[in-house]
Amino acid sequence: MAHITAVFNMKGGVGKSTTAYNLAAGLHSFHKKKVLLIDIDPQGNAGTALGIPIWDLKQQLKDVLQRQANIEDIILTADSGVDVAPSNILLAEQEIPISAMPGRELLLRKALKPIEHKYDFIIIDSPPNIGVFSINALLASQDVLIPVDMGYLALLGLQGIDRAISLIHTELEHPLEILGVLATRYDGRNKMSKEVLAALQDHFGDKVFKAVIPEAVKLKEAPSYSQSIFEYDPRGVAAEAYKELTKEVVNVSK
Ligand SMILES: Nc1ncnc2c1ncn2[C@@H]1O[C@H](COP(=O)(O)OP(=O)(O)OP(=O)(O)O)[C@@H](O)[C@H]1O
Ligand SMILES: [Mg+2]
């Protein structure tokens, strides 16, 4: 049965999509895992980064959520070997109708049931807010990986993360666990980075991954070549950090 993890933080630009697609690629290439990457963000970044032609889809995740397609029918395999259930902006156009559907919070969980046994890992990239799509991502997952960037606003956002998880626990009665908290966009020359990392370790203790993702221009460039960081700059510091994360995820998922 697949281990299902949502990559979530309400804050934008913290490296959710970068983490989701590189983690998916790393689990596949270093650990020979069968991986499905689900893009439940209308920005479509995770799919695009792996070279999925998101503007040329006959069917996509919105059709699955609206029960007009089976998930098997929308999955495409990226060159890196990762399966992807893609989205694009049309998902945003359907947010209001999807929000009005009965059982709206559990649409993704139900859609995944028939294929869960085919994968070792299902990684879900979520949008930067708490709305129907991120709630679907969290309720379909057994745990959450939280990327946090190294800025002052990230510290303010920690309470929001706690609140979102407690909403999932108490109001929606789903025992979501924290797989881990990932420090992203770390710049060792910068005092703020060190302070935020220390504050994260204070707040989340051993839930903070040992892997720390550096601020690295190669991570920005890789999507324009439709490559994971492991293909684009295999010997660089960012690939090394994401490879370490991949190893930790395999270990904590056992
Ligand atoms: N460690 C990093 N170093 C340098 N650039 C990064 C790093 N992580 C992400 N980026 C870049 O920052 C931008 C935002 O990253 P990404 O899209 O992964 O964040 P996100 O949390 O998914 O954003 P959103 O909330 O909009 O979905 C992208 O251009 C990405 O390439
Ligand atoms: Mg994103």
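Every number for a ligand or one of its atoms is a count from 1 in the order of the listing. Values reported hereafter were calculated over all heavy atoms of this structure, with side chains retained and with hydrogens, waters and symmetry mates removed.
- Among all non-hydrogen protein atoms, the one lying nearest atom 20 (P) of ligand 1 is K16 N, 3.4 Å.
- For atom 14 (C) of ligand 1, the choice among A241, G12, G13 with the nearest heavy atom turns out to be G13.
- When the side chains of ILVMFWY residues are joined at heavy-atom separations under 4.5 Å, either directly or via intervening members, L145 and F121 end up in a single hydrophobic cluster.
- Residue, atom and distance of the protein heavy atom nearest to atom 3 (N) of ligand 1 are A216 N, 2.9 Å.
- Counting heavy atoms under 4.0 Å from ligand 1, residue P214 touches it through the backbone alone.
- The single protein non-hydrogen atom nearest to atom 31 (O) of ligand 1 is K220 CA, 3.4 Å, given as residue, atom name and distance.
- Proximity of L90 to Q60: side-chain heavy atoms (C-beta onward) are separated by under 4.5 Å at one or more points.
- No donor-acceptor distance shorter than 3.5 angstrom exists from the side chain of D143 to the backbone of I178, with no hydrogens or angles considered.
- Considering only non-hydrogen protein atoms, atom 19 (O) of ligand 1 sits nearest to G15 N, 3.1 Å.
- Comparing Q43, M10, K11 by heavy-atom distance to atom 27 (O) of ligand 1, the nearest is Q43.
- Using a 3.5 Å distance cut-off with no hydrogens or angles, the side chains of E72 and N70 do not pair a donor with an acceptor.
- S17 pairs with exactly one of T48, D125, D41 by the side chain to side chain donor-acceptor pair (under 3.5 Å) rule, that one being D125.
- Side chain of S193 to main chain of D187: a donor-acceptor pair is present (N/O by atom type, distance under 3.5 Å, no hydrogens or angles).
- Using a 4.0 Å cut-off to heavy atoms of V14, the atoms of ligand 1 that qualify are 19 (O), 20 (P), 21 (O).
- For L156, the CG atom counts as densely surrounded, since its 6.0 Å shell holds more than 12 non-hydrogen atoms of other residues, nucleotides or ligands.
- Nearest protein heavy-atom contact of atom 30 (C) of ligand 1 is T18 OG1, 3.8 Å.
- Of all atoms in ligand 1, listed by their number and element, those nearer than 4.0 Å to a heavy atom of P128 are 25 (O).
- With respect to atom 7 (C) of ligand 1, the closest heavy atom belonging to the protein is R185 NE, 3.8 Å.
- A salt bridge does not link E95 with K62: none of the charged nitrogens is closer than 4.0 Å to a carboxylate oxygen.
- Using a 4.0 angstrom heavy-atom cutoff, I213 counts as in contact with ligand 1.
- From the protein, the heavy atom lying nearest to atom 2 (C) of ligand 1 is L219 CD1, 3.5 Å.
- Atoms CG and CZ, on D162 and F204 in that order, are 5.0 Å from each other to the nearest 0.5 Å.
- The Mg ion (ligand 2) has no N, O or S atom of Q43 inside 2.8 Å of it.
- Only the side chain of D41 comes within 4.0 Å of ligand 1, judged by heavy-atom distances.
- Between the S87 side chain and the D39 main chain, a donor and an acceptor come within less than 3.5 Å of each other.
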